[in-house]
Colleague: 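Have a look at the structure that comes next, please.
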Amino acid sequence: MSAHISASPFDPWQAIASHQQDSALANKFGATATFIGSMRDFNDNADVSKMVLEHYPEMTQHFLNKLEQQAIQRWDLLDCLIIHRVGEINPADPIVLIACWSAHRRATLDACNWLIEELKHNAPFWKKETRQDGERWVAENTNGL
Amino acid sequence: MSAHISASPFDPWQAIASHQQDSALANKFGATATFIGSMRDFNDNADVSKMVLEHYPEMTQHFLNKLEQQAIQRWDLLDCLIIHRVGEINPADPIVLIACWSAHRRATLDACNWLIEELKHNAPFWKKETRQDGERWVAENTNGL
Amino acid sequence: MSIQVKFFASLREQIGISDTEIESAATAGHAWDMATQNAARPTNTLVAINLEYAQFEDKINDGDEVAFFPPVTGG
Amino acid sequence: MSIQVKFFASLREQIGISDTEIESAATAGHAWDMATQNAARPTNTLVAINLEYAQFEDKINDGDEVAFFPPVTGG
C-alpha cells in the first residue's frame, strides 16, 4: 500500500507494473482495477495549454493515506496504490493514478470508483488552468464527469 | 480499438502502454480505466495448479468485436482494448485485460464494469482447472465476484 | 450443402464429438438430436447459430454452423 | 504558543497571505477574522484544523494549525 504525491511526470503503467512486481501477492489477487486521470488540452469549451496543481502537503498526504486505509478495509483489498501529480502539468500528462488489487473483481472496481470520487471531491488539491485569455482557478469538480 | 485472443502470456501494463502510444488521442482523453483478471492459485476452497481455457475461435472473436463496438457507442469512448488468454494458464498469469479511454471518468469506469460482466457471463470461453484430485470444468461464473 | 455441428468444453467431452456434419435439420434442437443420436441434452446447454446466440426452436438453413456448449466461464 | 493560519489556491491570492501566525483564537471562524483583519469570507470556504476538515464553529487550541481553502479540484 502506498500513496505518493509526485512533483514530476510519471508513467502510470510503469508505476503500476513496478509496484506490482514488488508485491508478494502475485498468486493471491484475481483482479486489478485501475483508473488514470490525465490532462486534456480542452476544458469547459476552451483550450488549456498548461495547468498548475497546488496542494497542502501535510494534509494532502495525510488524506491520501487515510483514503487508502479506508478502501483496503471496506473492500478487503490486498493492495492499493495512489499517485497524484502536483506542480506544473502539461496536456496528456497523467494527473492521478489509482490501482486496487483484490481476490475478486467487484471489490477492485467499486474501490476504484469510490477512490476517484473521494479524490475529486475531498482531497486538498487545486487546479489553475492557463488559457489564451490568462490563468484561471478551476471552480469546482463535476459529478462523475 | 482492438480485441485480441492470445494463446501466450502477455504483460498487461506493457500491452496498454503500447496500445496507448500508438493512439492519436493522447491530448483528448482525460480518463483511462482498466481491469485485469488474473489466475489465482486457489478457487472454491481448493488449490489450483493449472488451468486450460477453451474457446470457440470464430464466435469468440466476433463476440469480442461486437462488445467493443457496443461499449464505444454506449459510453462514447475514444478507444477500447480487450485481450483474453486461451490455452494453458499458470497461477498469476493475466487472463483478461480491459482498457477504456474517454474524455470523462464516469464513461470509462462504467464501460469497464459492463465489459467485464459481459465477458464473464456471455463470452464463449470455458475454464478447466487442474487440482490435486484431477481436472474439473468450472461450472459457472459468480455474480460480480 | 450440409450443416456443421460443433460441441465445446464439457459437452464436447460428454458427447465425444468436437465437430461433425449432418445433412439437414429443421431446428437447432433437431440438429442436436441428429448429431448426438438423440443424447439427452443437459438443461443448461447453450446454442449458437452462425456465431450468434440462438434458441433451440430456431430454424436451421443449409450451410449453417450450429454450436452447443455449457454456460461460459471466461473473464 | 500561537496559532498557525494557512490559505490556499484562490483564497491565498485573494487574501494575499499564504501563511501567518496569530496569538490565539476561540474558533476557526475567529481565526479567519484575525488573520484576514475581518475580510469577507466567501460562502464556499472550507476549513481544516490540524490537517482534518472542520467547522468554523470548532474550537481552536494553542499550537493548532488552521487552514482555509476553496472547494477542491484535484483528481
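In what follows, chains carry the letters A, B, and so on, assigned in the order in which the sequence lines appear, proteins first and then strands, with residues in each chain numbered from 1.
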Colleague: Step by step, would you call C:Val72 with B:Trp126 a side chain to side chain contact (heavy atoms under 4.5 Å, CB included)?
Modeller: CA-CA 5 Å; C:Val72 303; B:Trp126 301 273; 3.9 Å; yes
Colleague: Taking side chain as everything from C-beta outward and backbone as N, CA, C, O, which of these in B:Phe63 sits under 4.5 Å from a heavy atom of chain C? Side chain, backbone, both or neither.
Modeller: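 B:Phe63 touches chain C through side-chain heavy atoms alone.
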Colleague: For B:Val138 and C:Thr73, which heavy atoms make the closest approach, and how far apart are they?
Modeller: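 Closest heavy-atom pair between B:Val138 and C:Thr73: O-CG2, 3.4 Å.
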Colleague: Given heavy-atom pairs under 4.5 angstrom as the criterion, report whether the side chain, backbone, both or neither of B:Glu58 touches chain C.
Modeller: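 Both parts, backbone and side chain.
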Colleague: So which heavy atom on B:Tyr56 is nearest to which on C:Ala67, and how close?
Modeller: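 Here B:Tyr56 and C:Ala67 meet closest at CE2-CB, 3.3 Å.
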Colleague: Heavy-atom pairs under 4.5 Å with chain C - which of B:Ile98, B:Asn122, B:Ile116 has more of them than the others?
Modeller: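 Going by pairs under 4.5 Å, I would pick B:Asn122.
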Colleague: Could you tell me which non-hydrogen atom of B:His55 sits nearest to which non-hydrogen atom of C:Phe8, and how far apart they are?
Modeller: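 Looking at all heavy atoms of both residues, the shortest contact is O-CE2, 3.5 Å.
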Colleague: What do you reckon, is CD of B:Gln14 surrounded by more than 12 foreign heavy atoms closer than 6.0 Å?
Modeller: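 Counting neighbours around CD of B:Gln14, 12 or fewer heavy atoms of other residues, nucleotides or ligands fall under 6.0 Å, so no.
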Colleague: To the nearest 0.5 Å, tell me how far C:Glu13 CD sits from B:Glu135 CD.
Modeller: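 Output value for this atom pair is 7.5 Å.
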Colleague: So which part of B:Lys128 gets closer than 4.5 Å to some heavy atom of chain C, the side chain, the backbone, both or neither?
Modeller: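 Just the side chain, heavy atoms under 4.5 Å.
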Colleague: Using a 4.5 Å cut-off on heavy atoms from C-beta on, say whether the side chain of B:Met59 contacts that of C:Tyr53.
Modeller: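 In short, these two side chains touch, coming nearer than 4.5 Å.
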Colleague: Looking at C:Pro71 and B:Glu140, what are the two nearest heavy atoms and their distance?
Modeller: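 Result for this residue pair: CB-CG, 4.4 Å.
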Colleague: Other residues, nucleotides and ligands only: do more than 12 of their heavy atoms fall within 6.0 Å of CD on C:Glu21?
Modeller: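 Yes.
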Colleague: Take atom NZ in C:Lys59; do more than 12 heavy atoms of anything else shown fall under 6.0 Å from it?
Modeller: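 No, the 6.0 Å shell around NZ holds no more than 12 heavy atoms from other groups.
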